[in-house]
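Working notes, structure below.
Reckoned from all heavy atoms, side chains included, excluding hydrogens, waters and symmetry mates. None of these values were measured; they are calculated from a predicted model. So you know, we letter chains A, B, ... as the sequences are listed, proteins then strands, and number each from 1.
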Protein chains: 2
Amino acid sequence: MSPERRKFKRASAEERKEALIEATLELVAEKGVRGATVRDIAERADVTQGLIRHYFSSKEELMTAAYEHHMVRITDLTSAPLKEISADASGRLAAFVSASLRPPVMEPTAVALWAGFLNKVQQDAHMRQIHQRTYDYFRHKLAEMIAAALEEAGRPASPARLHHLAVACNAVIDGLWMEGGALPEIFAEDELPKIGLESVGAILGLNLENKVDQP
Amino acid sequence: MSPERRKFKRASAEERKEALIEATLELVAEKGVRGATVRDIAERADVTQGLIRHYFSSKEELMTAAYEHHMVRITDLTSAPLKEISADASGRLAAFVSASLRPPVMEPTAVALWAGFLNKVQQDAHMRQIHQRTYDYFRHKLAEMIAAALEEAGRPASPARLHHLAVACNAVIDGLWMEGGALPEIFAEDELPKIGLESVGAILGLNLENKVDQP
DNA sequence: CAGTTAATTATACACTTGAATAATTACTGG
DNA sequence: CCAGTAATTATTCAAGTGTATAATTAACTG
């Protein structure tokens, strides 16, 4: 009996692209961009390797699409909690900080992805542009919320000071995000959001800790 | 005329290993572990590829040696400034924070290296051990210095609180280190050490800013 | 239900990779 | 100055890589 040709189902372009991108992100998190081979990706997406080039003209293009997909998702995930919160400025800030330090934003795979893509981001102009855009959005949003919270407390800050504060708060969040993602087992549940609120609060001179309840 | 055999000079094992390790670190920072091929490494170290296996039994072993070399260097670089400072506890803490946010500790290549090695660190037991050791050392040292500084200020902290504070301060430093390394062009000279001292000071309730002068 | 076409699989190719082995040659100790 | 030997180069190999192309077949359309 000759080896039978593999059975398959047709899928819409959207479904297939989505599946390929998810598989790509998983593998980049596990082995980096170069370790995620087209054969691995195809296998995980449950198709054969030739199909990749039917939807993406090169591995490069697939990587770029996957990165963009990931960044958009992260942006959405940190923005979503803000929509449903009609609290005061400090409450909104607290919600933002807290959401950034919990799953699904803070996850081991997210940190691994960040690391896996860094090289490519630094060397590929298009990737760097995607990164820059997301990063700027984040910092701008954070600065905005800090400004509002400080005004609310009757202590408005100068633009220069605001810049400093935004960089500092962003660093706390990024640093905790990284530690939590890189060494998830050494932190207790809710420990990092708590530390984050405490630290951002200390830097800004605000009390954020009782501003947000466990979602 | 037949292509002449390449001329070469013999070197001591130490020299050659050192050169190979430096070349490895450069290339890992540029292209990640898988992108740093033995041929690339050999070329950058100005030898032919066969020589690598004369000194290291596999690429794996070279990578491990390079990673360890790098981690030891980082540890030394952050410890060195403390030796020559006979200041009070808060002064020593300030020096540590400041040194961590300047070259040669904070550099684009250092962040790229961190990212380049992350995958391997998470998957290789020996690498993870090296990483864990360095990380524990860092946090322990930081916690120690925070404890001393708080006692000096007449506000000793409980172990639990100390743990929180050490995690938070470590996160600020890591986060700023990452931002400075990933986007070096957007920060002014001395801006990050200043923000670091300000933020760590705010978290601990100490004034660290005039504790350290530009080295 | 037959005909068509695009989605999918299968195969082939040129090149890179880590590793292994063979061939040279720079240095050292007498 | 002359072996001897270990450091170094050169060559080979099998496996893996991205890409290109040919062969099939699932699903739609009339």
Quick one: which of [options] gets closest to the side chain of [X]?
X	options	answer
B/R5	D/dT9, D/dA7, C/dA19	D/dT9
A/R16	D/dT9, C/dT11, C/dT8	C/dT8
A/F8	C/dG18, D/dT9, C/dT8	C/dT8

> Think B/R10 has a side-chain N or O under 4.0 angstrom from the OP1 or OP2 of D/dT8?
Replying inline: no
Check your understanding: Is B/D46 paired with B/R6 through a side-chain N to carboxylate O contact shorter than 4.0 Å?
Key -> yes
**Asked** Any side-chain heavy atom of A/Y137 within less than 4.5 Å of one from A/S79?
**Response**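 Contact flag for A/Y137/A/S79 side chains = yes.
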Do the non-hydrogen side-chain atoms of B/R44 and B/E22 ever get within less than 4.5 Å of each other?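 Heavy-atom side-chain distance check fails, nothing below 4.5 Å.
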*Do other residues, nucleotides or ligands put more than 12 heavy atoms under 6.0 Å from the CD atom of B/E43?*
no
The answer to which of B/K9 and A/A13 contacts DNA chain C further toward the 5' end, by nearest nucleotide, is A/A13
Q) More 5' along DNA chain C: B/A36 or A/Q49, using each one's nearest nucleotide? A)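 Here A/Q49 is the residue nearer the 5' end.
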Next on the checklist: Counting the atoms with a prime plus P, OP1 and OP2 as sugar-phosphate, which does A/A11 contact under 4.0 Å by heavy atoms, base, sugar-phosphate, or nothing?
Outcome noted: sugar-phosphate
To the nearest angstrom, how far is [X] atom [atom1] from [N] atom [atom2]?
X	N	atom1	atom2	value
A/L20	C/dA7	CG	P	13 Å
B/E43	D/dT8	CD	C1'	17 Å
B/K7	C/dT24	NZ	C1'	11 Å
B/R34	C/dT17	CZ	P	13 Å
A/L27	D/dG16	CG	P	16 Å
A/I41	D/dG18	CD1	C1'	11 Å
A/E4	C/dT8	CD	C1'	17 Å
B/R39	D/dA10	CZ	P	13 Å

| B/C169 to B/I203 - nearest heavy-atom pair and separation |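 Result for this residue pair: SG-CG2, 4.2 Å.
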Residue pair B/D46/A/T37 against DNA chain D: nearer the 5' end by closest nucleotide is B/D46
Practice problem: Can you pull out how bent the helix from C/dC1-D/dG30 to C/dG30-D/dC1 is, comparing the axes over its first five and last five pairs, to 10°? | Solution: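 Result, rounded to 10 degrees: 10°.
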Given salt bridge (Lys or Arg N to Asp or Glu O under 4.0 Å), test A/E15 with A/K9 step by step and report yes or no. CA-CA 12 Å; A/E15 277 177 307; A/K9 271 189 58 176; over 6 Å; no
Check the pair B/E144, B/R92 against salt bridge (Lys or Arg N to Asp or Glu O under 4.0 Å), reporting the backbone distance first and the verdict last.
CA-CA 11 Å; B/E144 228 172 41; B/R92 289 166 58 83; over 6 Å; no
Query raised in the report: In terms of ring plane angle, is the pair B/W177 and B/W114 parallel, tilted or perpendicular, where the classes change at 30° and 60°?
Result: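 Answer is perpendicular, since the angle exceeds 60°.
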* To do: Give the ring-plane orientation class for B/H131 versus B/Y135, where under 30° counts as parallel, over 60° as perpendicular and anything between as tilted.
  =>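 Ring orientation of B/H131 relative to B/Y135: parallel.
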- prompt: Sub-3.5 Å donor-acceptor pair from the side chain of B/Q123 to the main-chain atoms of A/E30, do we have one?
  reply: yes
Numerically ordered, the residues 51-61 of chain A set in heavy-atom contact under 4.0 Å with DNA chain C is A/L51, A/H54, A/Y55
